[in-house]
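Working notes, beginning with the structure itself.
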Amino acid sequence: MAAGGGGSGDPLAPAGVPCAFSPHSQAYFALASTDGHLRVWETASNRLHQEYVPSAHLSGTCTCLAWAPARLQAKESPQRKKRKSEAVGMSNQTDLLALGTAVGSILLYSTVKGELHSKLISGGHDNRVNCIQWHQDSGCLYSCSDDKHIVEWNVQTCKVKCKWKGDNSSVSSLCISPDGKMLLSAGRTIKLWVLETKEVYRHFTGHATPVSSLMFTTIRPPNESQPFDGITGLYFLSGAVHDRLLNVWQVRSENKEKSAVMSFTVTDEPVYIDLTLSENKEEPVKLAVVCRDGQVHLFEHILNGYCKKPLTSNCTIQIATPGKGKKSTPKPIPILAAGFCSDKMSLLLVYGSWFQPTIERVALNSREPHMCLVRDISNCWAPKVETAITKVRTPVINSEAKVLVPGIPGHHAAIKPAPPQTEQVESKRKSGGNEVSIEERLGAMDIDTHKKGKDDLQTNSFPVLLTQGLESNDFEMLNKVLQTRNLNLIKKTVLRMPLHTVIPLLQELTKRLQGHPNSAVLMVQWLKCVLTVHASYLSTLPDLVPQLGTLYQLMESRVKTFQKLSHLHGKLILLITQVTASEKTKETTSPGQQAKLVYEEESSEEESDDEIADKDSDVSDSFPGIYIGLCILILCKNEAFTNAFPVGISTRIIGMKMRRRVKVKKMRMMLKMKMRMPKEKMKKMVRTEIEQVKKN
């Protein structure tokens with residue numbers, strides 16, 4: 001019995017590639033590679049037997065495969081007898097190979113005919129097929145998928161016999177019991193189903209990740225004295241994705257969820273598992289586990305009850321290449337699959353690459369805890385080194401060819417061809433010849449440094465330096481250009497710079513504006529020149545707002561605080577001037593002076609009515625109601641009057657627009673008689689005055 005993983009982009013998918021040994025004494029090894037090809041290898045001769053490419057091998061890659069049982073033969077109807085030649089042909093037939101695909105279909109491939117036998121599509125799965133299991137006797141096929149369902153297929157009619165929901169999440173693995181009456185299914189939890197009724201018989205805890213392999217390890221229970229119902233007391237093994245523990249479970253009579261009775265520990269995630277069944281309680285179970293790191297761990301243990309500590313492997317097998325030379329180190333060769341032979345004393349190892357694997361039979365030695373096999377696989381099929389190396393030729397350069405130099409668009413320089421070898425030999429200095437002086441060499445170079453001024457040289461080089469600095473993001477080169485304080489040089493540089501560098505320059509200026517204030521002052525000059533010179537180009541850009549959003553927010557935040565800072569600046573200047581002025585007055589000593597004459601005006605209460613009337617005539621013409629209101633307010637100060645007459649009336653009288661002048665005599669008389677007049681008389685006088693005012 002074996003279980004292999006399937007390759008997928010899902011991180012929780014089983015590791016490895018779908019592969020399996022044939023049930024006929026491991027005569028063939030089937031492997032479905034990641035390119036969608038099915039290859040069948042002969043284990044004895046290590047030769048490729050068949051290769052099959054499905055029509056949808058790119059869209060529907062193979063995710064799992066399973067060989068049909070050895071005892072399963074095509075059933076013949078009782079009405080017709082086979083011929084002698086047909087009977088011989090049927091006895092030599094190799095069983096079918098079932099392939100599950102990523103699109104939900106199942107392909108049945110015949111290794112005898114070397115072609116596709118049939119397809120199982122209608123009514124089945126609509127998602128990735130994770131596992132396939134053949135029934136030993138009935139010729140049925142069971143499959144599980146990511147669509148949460150388990151399907152029972154009739155291979156002869158290629159139709160669905162039964163379909164039921166196996167779990168709330170995807171079902172990743174299946175296994176049929178030795179008697180063929182029970183079915184194990186697993187997603188993250190493990191369930192034991194009765195095939196006849198499709199009901200759950202037992203629940204098991206399972207793993208934290210999806211279960212990648214399930215298989216029964218015993219045929220008979222350890223306690224043979226009790227009656228055996230075909231399932232109670234049996235042990236089965238489970239392995240999960242990204243889990244370095246293989247758990248062993250026992251089917252018990254109690255209808256309760258139980259944990260694992262023991263576990264085997266390995267170095268990495270298992271990708272292929274094979275074991276030998278234990279037929280009685282004294283026969284140990286042999287287990288071969290191929291891990292993702294390319295090692296094989298061998299276990300041998302008698303299953304008899306609960307074991308607390310995880311069991312370690314009895315033997316570990318590795319394969320490595322021989323080191324060529326003293327300095328070279330051996331390199332490990334990954335083991336892809338391993339299966340026990342029929343004698344249970346030897347092991348078939350598949351190692352190397354998936355496209356050209358090497359199959360070897362190795363005898364087991366239980367005394368050695370670690371085996372390292374040295375194998376040279378350089379003779380196997382591999383791309384030759386000569387095909388990977390390309391010949392390099394020196395290109396022939398024409399004297400008129402021009403190469404564009406990075407920097408300003410359109411800037412080019414001519415490439416001079418290399419002088420011939422003969423000229424180089426002739427130009428070498430001879431021992432007895434006349435040597436040319438340094439002055440003559442400099443004159444021949446014709447270097448004239450006085451024609452161009454310093455400013456012109458900088459103006460021509462600054463756009464090139466700025467463009468190269470922005471493209472290469474060279475901080476030192478940008479500092480040389482942007483730290484200049486010459487406004488004329490800044491304007492010329494901005495005018496001559498290419499348009500495709502305007503946005504990168506603005507982004508660089510935005511970064512520097514947020515830095516030190518001293519550098520921000522220089523960046524403002526560059527920013528002003530760029531925005532004024534290239535305003536028309538910037539207005540044509542459709543995505544200008546997202547590109548310069550940071551600069552806009554920065555400018556807006558600086559402008560908002562400018563008005564507050566200007567107000568604060570004005571107040572501070574005013575305070576400083578006042579403080580300085582007061583300090584100056586304190587410093588100057590004033591001489592002591594005394595007034596020679598002081599005049600105080602006497603207050604005459606008894607002024608004539610005519611004088612008062614003349615003084616107040618102008619005011620009374622424009623505001624005649626104010627005086628009446630003042631009179632009422634004075635009267636309201638008397639507590640007795642406020643109780644009888646409401647205070648709010650005084651406010652109404654003040655608001656009235658009076659057009660007639662009120663005599664000042666009555667006002668003065670009322671003011672003088674305020675405290676002397678009785679209460680009733682005062683009320684009567686005020687009411688008459690108010691009525692008279694209202695009438696007028």
Side-chain angles (χ1 to χ4, degrees), residues 1-18 63-64 100 102 127-131 133 143-150 165-175 182-193 200-217 234-252 254-275 285 287-295 297 299 301 303 306-313:
M1 300 180 67
S8 173
D10 186 6
L12 293 179
V17 175
T63 57
C64 58
N127 209 329
R128 167 194 168 100
V129 179
N130 293 323
C131 185
Q133 284 290 323
S143 62
C144 62
S145 172
D146 284 345
D147 60 3
K148 309 176 186 179
H149 287 83
I150 302 173
K165 187 176 181 180
D167 205 336
N168 292 329
S169 59
S170 62
V171 185
S172 57
S173 186
L174 295 175
C175 183
M182 297 286 182
L183 176 69
L184 280 173
S185 70
R188 283 182 172 84
T189 60
I190 303 174
K191 297 179 182 180
L192 182 63
W193 301 83
V200 179
Y201 181 71
R202 291 287 186 273
H203 282 275
F204 300 93
T205 307
H207 297 258
T209 54
V211 177
S212 58
S213 57
L214 280 175
M215 54 187 67
F216 279 90
T217 59
L234 295 185
Y235 291 91
F236 65 92
L237 181 76
S238 67
V241 178
H242 306 315
D243 196 348
R244 295 187 300 168
L245 289 178
L246 298 173
N247 293 335
V248 179
W249 314 78
Q250 187 179 17
V251 183
R252 302 193 179 185
E254 297 87 1
N255 190 10
K256 295 181 180 179
E257 185 178 352
K258 298 294 182 179
S259 59
V261 295
M262 66 180 66
S263 59
F264 300 101
T265 178
V266 291
T267 57
D268 205 346
E269 176 186 352
V271 297
Y272 192 92
I273 302 173
D274 191 24
L275 56 83
V285 174
L287 183 66
V289 182
V290 180
C291 298
R292 177 179 266 179
D293 56 5
Q295 301 183 32
H297 299 277
F299 298 88
H301 185 73
L303 302 178
Y306 181 76
C307 184
K308 186 176 182 180
K309 295 182 179 180
L311 302 176
T312 57
S313 60

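We count residues from 1, following the sequence as given. What you see is a predicted model, and the numbers here were worked out from it, not measured in a lab.
Residues T209 and E269 are not in side-chain contact: their nearest non-hydrogen atoms beyond the backbone lie 4.5 Å or more apart. Side-chain contact between L174 and W193: absent, with no pair of heavy atoms (C-beta onward) separated by less than 4.5 Å. The closest side-chain heavy-atom distance from R188 to P210 is below 4.5 Å.
Remark: the backbone N or O of A186 is paired with a side-chain donor or acceptor of S172 at under 3.5 angstrom. With hydrogens and angles disregarded, a donor-acceptor distance shorter than 3.5 Å links the side chain of K148 to the backbone of N168. One N or O on the side chain of N130 and one on the backbone of V171 form a donor-acceptor pair closer than 3.5 Å.
Partners of S238 under the side chain to side chain donor-acceptor pair (under 3.5 Å) rule, at least two apart in sequence or in another chain, are H207, W249. Checked against side chain to side chain donor-acceptor pair (under 3.5 Å), T312 has no partners two or more places apart in sequence or in another chain. For the side chain to side chain donor-acceptor pair (under 3.5 Å) test, residues two or more places apart in sequence or in another chain that qualify with D147 are H125, S145.
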Practice task
Go through H203 and T189 one step at a time and tell me if the side chain to side chain donor-acceptor pair (under 3.5 Å) criterion holds.
Solution key: CA-CA 8 Å; H203 282 275; T189 60; 5.6 Å; no

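Nearest heavy atoms, C131 versus S173: CB-CA, 3.9 Å. Pairing each heavy atom of C144 with each of I150, the nearest pair is CB-CG1, 4.5 Å.
Remark: of the listed residues V248, L214, N247, T217, L214 is the sole one forming a side chain to side chain contact (heavy atoms under 4.5 Å, CB included) with F236.
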